[in-house]
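Along the sequence shown, residues carry numbers from 1.
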Amino acid sequence: MNLVDRELLRRLLDSPADDAALLLFEGVCSVVDAQPGRKGMLDARRRELVLPAVSAEQFDRLVHALDNTARDLGFS
């Protein structure tokens, strides 16, 4: 089971929140507004992932890289 999948990354990129981010907490990755004091480990912020038009293959590579990063941080 992936921690980060295409749907989750799409929700992050489409989020209206200025500081949207992927947050890892208790083995679950969610899209949240990354406010100070929020518990969990941030994996990626939307503003860091502003993407020009990318191919489906490039999008899938980003999903795979973010999922691997989450796993490297000790989540499974």
Side-chain angles (χ1 to χ4, degrees):
M1 182 172 150
N2 292 343
L3 292 169
V4 179
D5 60 19
R6 290 180 63 84
E7 180 182 328
L8 187 65
L9 182 56
R10 181 53 52 205
R11 280 192 314 211
L12 174 64
L13 295 175
D14 292 344
S15 174
D18 290 335
D19 207 15
L22 292 179
L23 182 81
L24 298 165
F25 184 70
E26 295 183 353
V28 176
C29 194
S30 305
V31 175
V32 299
D33 188 6
Q35 300 171 0
R38 195 174 277 278
K39 290 185 178 185
M41 184 172 291
L42 291 176
D43 189 20
R45 293 181 189 264
R46 184 188 69 188
R47 69 174 177 253
E48 296 168 348
L49 298 174
V50 175
L51 303 172
V54 296
S55 69
E57 182 181 327
Q58 291 168 317
F59 189 83
D60 287 340
R61 279 189 280 181
L62 180 56
V63 168
H64 184 74
L66 290 171
D67 187 64
N68 281 342
T69 299
R71 292 176 189 291
D72 289 347
L73 290 171
F75 296 87
S76 59

A.B. asks: Out of curiosity, L13 CG to R46 CZ, how far, rounded to the nearest 0.5 Å?
C.D. replies: 8.5 Å
A.B. asks: Apply side-chain contact (heavy atoms from CB on, under 4.5 Å) to L22 and S30, showing your working.
C.D. replies: CA-CA 6 Å; L22 292 179; S30 305; over 6 Å; no
A.B. asks: Is it the case that the side chain of D67 and the backbone of N2 share a donor-acceptor pair, with hydrogens and angles ignored and the cut-off at 3.5 Å?
C.D. replies: no
A.B. asks: Drop me the distance from L23's CG to L12's CG, to the nearest 0.5 angstrom.
C.D. replies: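 If we round to the nearest 0.5 Å, L23:CG and L12:CG are 11.5 Å apart.
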A.B. asks: Say whether, by atom type as modelled, one donor and one acceptor occur between the side chain of S15 and the main chain of R11 under 3.5 angstrom.
C.D. replies: no
A.B. asks: Heavy atoms only: give me the nearest G27-L3 pair and the separation to one decimal.
C.D. replies: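 In this case the closest contact between G27 and L3 is O-CD2, 3.4 Å.
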A.B. asks: Could you go step by step and tell me if N68 and H64 meet the side-chain hydrogen bond (donor to acceptor under 3.5 Å, both in side chains) rule?
C.D. replies: CA-CA 6 Å; N68 281 342; H64 184 74; 3.0 Å; yes
A.B. asks: Step by step, would you call E7 with D5 a side-chain contact (heavy atoms from CB on, under 4.5 Å)?
C.D. replies: CA-CA 6 Å; E7 180 182 328; D5 60 19; 3.7 Å; yes
